[in-house]
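Have a look at the structure below, then the notes.
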Amino acid sequence: MSFVPDQVWVERGSEHSSVVAETRARLPGARFATFADAAELGAVGFAEAKRSLVLKRHRGGFFEHCPAGTSGMVCCNYLVLNFASNCPFDCSYCFLQDYLAANNRLTAFTNPEDGLDEVDRVLAAHPEKQFRIGTGELADSLALDPVTGLSRLLVPFFAARDNAVLELKTKSDCVDELLALDPRGRVVVSWSLNPRQVIESEEYGTAPLPARLSAARRVADSGYRVGFHLDPLVEHPGWREHYEAMFDELFDTIRGDDVAWFSLGSLRMTPSLVRKVRARGAERPGRLALGAETVSGNDGKLRVWRGLRVRMYQAVLERIRAAAPAATVYLCMETPAVWEKAMREVPSDRQLGQRLAAGARW
Ligand code: SF4
């Protein structure tokens, strides 16, 4: 599967960047046009914003602490690099519907070299530290890779550094570019996974489960470690059997030793996101995402009630432990009380970050 935009908008001044040159070469039949000011592109709805691609310079910082970290939740000290904004897929529960409401155009930045310079300065200033850095926060890490070829820049950069691991997180099967590159133990490719029923109902445009797993097998055979994010776990009728069947497919394809980490996270939505999802109505119905009864947490997000979250984490954890007893497993954005119940421990943010950085190396 590969995304082909209806139109590519190139900001004036970026025409000669390597990202634009790659995109032109990879999309010979696409319509390209230039613009001087984003206001010229006009406002469009969220679904339409995902059908064209804007290529423009990023003027702020690229590199930051994961914005999901909230006080009162155990945090894994993750750092994010934003090379794109928005995503060609359209998951019903995606927080970008709210987070990018005022700036929704699918965009790839044309100066990724500046972002890597920022990273370089931080890594060089702290050679004693190990950093986990991901590009899949405001975008899918690989969905645009067949168009921009960004991984050809990122993988060699991280392969040459001793104190960082890059995580490329995706719901695509766009791994062809990665297979010819040598990660030298510094790149983890990870998939957000859900049962077939949830993917079909909620994760519009993403790769089906067998395609994600087969892509994971291909990168694992090419020297990458892989990760899996059971996040969001979506409560729905039959969830236990559906997740069980998903794990059967996962462990038929991937060995526990190939896995750097599993994360588990409950579906969480702000009231504002729920309103946005409802407002989109038939355009992107969130049948399962909006079906569960939820309660508000200290961070203002709505989740299924604590007892059910713990039950889901325990069921999933049991299945992972049976197939991959040594794998690192962590909860994303959960309270110490839920960690204690589900995982029988409450690591500090620092301990968790160090454990994950160590688990990523091989
Ligand atoms: S793949 Fe991720 S970024 Fe893209 S729509 Fe789905 S949740 Fe949002």
Side-chain angles (χ1 to χ4, degrees), residues 1-62 80-91 94 96-97 99-116 135-155 157 168-178 180-181 203-207 211 215 280 283-284:
M1 58 171 289
S2 180
F3 167 66
V4 178
D6 294 346
Q7 168 86 50
V8 183
W9 296 102
V10 179
E11 185 184 43
R12 228 163 269 159
S14 282
E15 296 95 327
H16 303 297
S17 67
S18 57
V19 170
V20 172
E22 279 287 338
T23 305
R24 280 193 180 279
R26 288 158 183 261
L27 295 175
R31 290 188 300 157
F32 281 74
T34 54
F35 69 97
D37 187 293
E40 285 173 41
L41 305 182
V44 291
F46 202 72
E48 198 182 336
K50 290 169 172 278
R51 288 200 283 270
S52 59
L53 175 65
V54 175
L55 301 178
K56 72 170 193 180
R57 193 175 174 76
H58 185 52
R59 289 171 174 84
F62 284 82
V80 296
L81 253 176
N82 298 316
F83 289 116
S85 176
N86 212 337
C87 159
F89 307 141
D90 201 358
C91 302
C94 179
L96 298 180
Q97 295 169 99
Y99 194 78
L100 297 178
N103 192 11
N104 61 11
R105 290 275 186 176
L106 171 60
T107 302
F109 299 126
T110 53
N111 52 335
E113 299 84 359
D114 293 344
L116 294 181
T135 58
E137 183 68 19
L138 299 186
D140 182 287
S141 294
L142 292 175
L144 293 180
D145 209 40
V147 175
T148 63
L150 183 66
S151 58
R152 287 207 208 169
L153 185 68
L154 300 189
V155 173
F157 176 92
L168 298 170
K169 196 190 300 185
T170 190
K171 288 192 182 104
S172 79
D173 58 358
C174 302
V175 296
D176 288 354
E177 297 290 336
L178 300 176
L181 302 168
E203 298 180 352
Y204 179 78
T206 62
R280 292 187 70 194
E283 179 184 85
R284 186 60 52 237

Between L138 and L96 the two heavy atoms that sit nearest each other are O-CD1, 3.7 Å
For a 4.5 angstrom cut-off between non-hydrogen side-chain atoms, does T206 reach C91? yes
Starting at CD of E15, measure out to CG of L55 and round the result to the nearest 0.5 Å. 10.5 Å
S141 versus T170, side-chain donor and acceptor atoms under 3.5 Å: no
So does R59 pair up with E11, basic N to acidic O under 4.0 Å? yes
Give the minimum heavy-atom separation between T110 and S14, together with the two atoms involved. OG1-OG, 2.9 Å
Using 0.5 Å steps for rounding, measure from the CD atom of E137 to the OH atom of Y99. 7.5 Å
Aromatic plane relationship, F62 with F109 - under 30° parallel, 30 to 60° tilted, over 60° perpendicular: perpendicular
Is any side-chain heavy atom of C87 closer than 4.5 Å to a side-chain heavy atom of K171? no
So do L178 and L142 actually touch side chain to side chain, heavy atoms under 4.5 Å? yes
Enumerate the residue pairs fulfilling salt bridge (Lys or Arg N to Asp or Glu O under 4.0 Å) with a member in residues 23-45, sequence neighbours excluded, ordered by first and then second residue. E22-R26, R26-E177
Spacing of F89 atom CZ and D140 atom CG [to the nearest 0.5 Å]: 5.0 Å
Enter the distance from C174:SG to D145:CG here, rounded to the nearest 0.5 Å. 7.5 Å
Heavy-atom neighbours of F35 CZ exceed 12 at 6.0 Å: yes
Between G115 and L81, which heavy-atom pair has the shortest distance, and what is it? O-CD2, 4.1 Å
If I compare all heavy atoms of R57 with all of D114, which pair ends up nearest, and what's the gap? NH2-OD2, 3.1 Å
Just checking, is any N or O donor in the side chain of D6 or S52 under 3.5 Å from an acceptor N or O on the other one? no
F83 and L154, any side-chain heavy atoms less than 4.5 Å apart: yes
On a heavy-atom basis, the closest approach of D90 and R280 is OD2-NH2, 2.8 Å
State, to 0.1 Å, how close R105 and N86 come at their nearest heavy-atom pair, and which atoms those are. O-CB, 4.2 Å
Any non-hydrogen side-chain atom of L144 less than 4.5 Å from a side-chain atom of L53? yes
Any chance you could measure W9, atom CH2, to T34, atom OG1, to the nearest 0.5 Å? 8.5 Å
For the atom pair OG (S85) and CG (L100), what is the distance rounded to the nearest 0.5 Å? 4.5 Å
